[in-house]
Undergrad: 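Just passing along the structure, written as structure tokens.
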Amino acid sequence: MTAELRLSRSELWQPNRNKNKLVENTVKAITAAFAFVSVIATFGIVLTLIVETIHFFGVVSPLRFISETRWTPLFSSAQFGIIVLISATLRTAGIAILVALPLGLLSAICLSEYAGVRVRKILKPLLEILAGIPTVVFGYFALTLVTPQLLQPLIPGLSGLNALSAGLVLGLAIMPLVTSLSEDAIYAVPRSLRDGAYALGATKRETIIAVVLPAALSGIVSSLILAVSRAIGETMIVTLAAGQTPNLGIDPTVAVLTMTAYIVQIFKGDAPAGSIAYLSAYAVGMTLFVMTLLLNIFSFWFVRRFREKYE
Amino acid sequence: MIAQTPPSPESASVAAERPYYPNTSWRYGLDRLFVIAIWSAIAIAIAALGLLLFDILLDGLPTLSSQFLQGFPSRSAERAGVYPALLGTIWVMLVVMFVSFPLGVGAGIYLEEFAEDNLFTRLVEININNLAGVPSIIYGLLGLFLFVRLLAPITGGRTVLSGGLTLALLILPVIIVATREALRAVPDSLRQGGYALGATRWQVIWEQVFPIALPGILTGTILGLSRAIGETAPLIVVGAVAYISFVPEGLQSAFTVLPIQIFSWASRPQQPFHAIAASGIIVLMIVLLLMNGAAIYLRNRFQKERL
Amino acid sequence: MDSNTPLPNGTSEVVLRAKKLNVYYGSNRAVRDVDLDISENTVVAFIGPSGCGKSTVLRCFNRMNDLIAAARVEGSITFRDDDIYAPNVDAVELRSRIGMVFQRPNPFPKSIYENIAFGARINGYKGNMDELVEQSLRKAALWDEVKDKLKQSGLALSGGQQQRLCIARAIAISPEVILMDEPCSALDPISTLKVEELIQELKQQYTIIIVTHNMQQASRVSDHTAFYNAEATEKGNKIGYLVEYDRTEVIFQNPAQQKTQEYISGRFG
């Protein structure tokens with residue numbers, strides 16, 4: 001296109017447009033290839049999980065996977081009831097959400113509506129530190145402090161490894177995520193809406209609960225879903241503090257084996273490659289992946305459906 | 001000409017014959033409860049953070065020594081050290097950095113500056129969103145399949161390279177998103193100024209936009225790296241070994257990293273191992289602190305240059 | 001215009017009275033020495049160039065300025081002889097008696113019904129809520145347009161409808177005064193006309209203060225007009241003050257002040 005225009009008139013001024021074009025196209029192709037790496041990664045994940053899960057289902061029928069009520073892959077009469085692991089994950093993740101949602105949401109309200117500039121400048125970095133602590137550290141905290149020194153004195157008979165302690169600390173670990181995403185959503189609610197409520201004689205609390213939070217709902221819900229997905233997929237806290245004992249039920253005071261902890265258990269070196277226990281870890285991984293994917297899709301749909309547009 | 005009517009001090013509420021009973025004292029009571037609730041929530045979080053840090057310092061400081069830093073794993077807690085794990089972490093991080101930075105920044109530049117709105121772009125964008133939500137342990141399963149087994153001739157199996165590549169994929173979405181945000185923050189007028197001089201798109205990006213976006217990109221990258229440094233689960237799956245009595249010598253070396261060493265000590269039942277796990281945590285947190293300090297330093301320096 | 005219209009300082013009951021009103025933002029004085037009486041059941045227009053403090057004065061009447069940390073009010077405003085800035089006066093209660101409509105329509109992200117019921121509910125309304133919603137929407141001339149979709153989001157309405165919804169929302173808690181801060185500036189001409197007609201209706205029952213940039217609007221809807229102007233200080237910021245306050249026809253046809261004359265005839269502003 002530029003060639004036809006004959007833009008360069010001066011002899012001194014002869015930009016090499018062909019070379020520029022070539023450089024540009026090369027760069028574009030390379031960066032596009034880089035962008036494509038993410039697609040390959042997803043493809044790789046899905047393919048890996050599918051291939052090994054199919055191998056697994058070649059030996060253990062999917063029906064057994066969903067209907068059995070025990071998880072004993074290393075026994076001679078092996079059973080593969082995924083419900084056992086799911087019930088463990090739901091216990092730790094459920095407790096985590098019960099901690100992270102109120103703490104995170106109230107903290108978000110605090111930061112955006114109540115804390116002054118100076119207090120905020122102190123609190124935000126502290127929450128960032130909390131968010132940046134590796135989960136293995138939280139696991140250590142749950143195992144060596146929360147269970148023996150905080151919970152066992154309160155709940156006699158609490159097992160040294162238990163879903164409760166893991167869940168509580170997991171909640172603490174994901175709370176900063178809820179806080180920061182909810183705060184963004186709350187902060188984005190326009191001032192005019194708050195003014196509208198105040199002008200009707202609403203108090204600050206009434207304004208926040210009846211107007212600001214509903215207006216920020218899509219952002220808050222998506223932060224919550226992200227937190228749930230994080231809680232389900234978190235590994236180190238539950239591996240260290242919740243135990244390795246497959247346990248079906250809803251009791252949070254006993255040791256449990258979550259999906260992620262099972263995968264760690266297998267790859268820590270117990271099971272030989274290609275064995276049925278090894279393959280079962282991929283089936284569990286697949287289940288985990290599907291659960292987080294569904295949450296992701298739901299969140300995407302919810303935000304699209306319920307996001308309110310403000311000028 | 002203004003009528004003199006003194007304000008009557010006692011009557012604050014001018015009663016009206018309306019069917020409204022605002023009951024403000026009750027409502028203000030609820031407001032006070034609400035204020036207490038929100039400050040308690042944040043106080044609980046901060047107190048828990050304080051307790052955690054205090055607990056770790058209390059447990060770990062006594063056993064943190066130069067011998068611990070230079071020592072190798074041992075069957076006795078008194079003689080064990082983190083040296084191989086510390087070096088393993090550094091090795092893996094170098095791999096992660098050299099792989100994820102160009103890939104992530106390149107992808108970010110493509111999506112923000114070159115990409116047309118077509119199926120490919122949308123596919124990539126949806127992908128990145130999804131990848132960010134995939135649990136890290138799943139990346140471990142991918143790494144095991146792809147790098148450890150399929151690409152074994154290149155990576156050498158359960159090695160520094162396999163671990164680094166796995167973590168590089170894990171933090172790729174973080175870097176892409178940070179890059180895109182940094183590029184988006186550069187005002188369009190700057191780009192148009194470049195185009196008006198006859199520069200190509202790439203010339204504008206490379207000479208005008210990228211330098212301004214760089215601090216943001218670097219900060220995002222360091223945050224991604226700090227996430228990678230604390231990751232344990234994917235490396236367990238990829239096969240970092242907890243008991244390693246040598247220092248990695250190359251990309252194809254077997255390795256362990258700090259979080260895995262901490263995990264393996266913490267999961268022992270004996271108390272002395274818990275103490276050195278806490279010492280290991282202190283070392284890990286110091287590394288993290290240094291990285292975050294670097295991020296803040298970089299950001300400040302670039303910001304000053306710009307002004 | 002009706003010749004019985006009471007003058008600002010006339011015999012009809014004074015609802016709101018500002019005396020030596022000064023408003024500061026931080027250390028800057030934004031408005032100085034405003035003295036003003038608002039009589040019952042009149043429409044008072046505040047006009048003047050941008051930055052003359054007319055909106056600032058308006059927001060003093062329901063203490064919305066309290067919400068801005070740096071804002072400070074001196075002087076007094078009395079509402080039916082009670083000083084609204086007295087320590088024993090509760091701003092929340094005051095606002096339930098002095099309603100407000102804003103420049104941009106700001107319906108809550110709730111259903112049309114809930115938009116109206118919200119204010120009534122927090123103010124402890126004990127009557128029939130359905131009736132109140134209907135009445136308020138009828139008074140705001142919106143009922144016929146929305147009666148079949150009360151459960152729909154208020155945000156789904158057009159801009160003009162949203163603004164009438166906000167007026168209905170304000171009426172629902174039966175305020176004695178309604179403050180309107182450029183209520184038509186974000187609306188198209190047809191919606192503007194509807195809101196103006198509505199104001200004419202509402203003045204039978206309410207005292208209305210309306211800030212407007214539009215002088216035709218002021219002359220169409222108001223009984224009294226207050227003209228504000230701004231002057232620059234040595235520090236370079238602007239201070240708003242009240243130039244002239246009189247019956248609207250006087251302001252527009254025979255103002256006492258030169259500045260008013262110049263503004264009315266379009267020489268500045």
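Computed from heavy atoms alone, side chains included, the values below leave out hydrogens, waters and symmetry copies.
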Undergrad: What's the spacing between B:Gln271 CD and A:Thr144 OG1 if we round to 0.5 Å?
TA: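 Here the rounded value is 8.5 Å.
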
Undergrad: With only heavy atoms counted, which part of B:Leu33 is less than 4.5 Å from chain A, the side chain, the backbone, both or neither?
TA: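 Looking at B:Leu33, nothing touches chain A.
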
Undergrad: Measure B:Ala115 against the heavy atoms of chain A and call it side chain, backbone, both or neither at under 4.5 Å.
TA: neither

Undergrad: Using the ring of each side chain (for Trp, its six-membered ring), is B:Phe120 parallel, tilted or perpendicular to A:Phe36, with breaks at 30° and 60°?
TA: parallel

Undergrad: Heavy-atom distance under 4.5 Å to chain A: side chain of B:Phe34, backbone, both or neither?
TA: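 For B:Phe34, the side chain is the part near chain A, not the backbone.
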
Undergrad: Rounded to the nearest 0.5 Å, how far does CG of B:Leu103 lie from OG1 of A:Thr31?
TA: 11.5 Å

Undergrad: Please look at B:Ser226 and chain A and tell me whether the side chain, the backbone, both or neither of the residue comes under 4.5 angstrom of a heavy atom of that chain.
TA: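 For B:Ser226, no heavy atom lies under 4.5 Å from chain A.
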
Undergrad: Side chain from CB out, backbone as N, CA, C, O: work out which of these in A:Ala261 comes under 4.5 Å of a heavy atom of chain B, or both, or neither.
TA: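 Neither the backbone nor the side chain of A:Ala261 comes within 4.5 Å of chain B.
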
Undergrad: Compute whether any side-chain donor of one residue and acceptor of the other, for A:Tyr140 and B:Asp55, lie under 3.5 angstrom apart.
TA: no

Undergrad: Can you tell if the side chain of B:Ile46 reaches within under 4.5 Å of the side chain of A:Leu123, non-hydrogen atoms only?
TA: yes

Undergrad: Is there a side-chain contact between B:Leu49 and A:Ile129 in this structure, where contact means two heavy atoms from C-beta onward sitting under 4.5 Å apart?
TA: yes

Undergrad: Is a side-chain donor or acceptor of A:Glu24 paired with a backbone partner of B:Arg201 at a separation under 3.5 angstrom?
TA: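 Yes: the side chain of A:Glu24 pairs with the backbone of B:Arg201.
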
Undergrad: Working to the nearest 0.5 angstrom, can you tell me the gap between B:Leu141 CG and A:Thr48 OG1?
TA: 8.0 Å

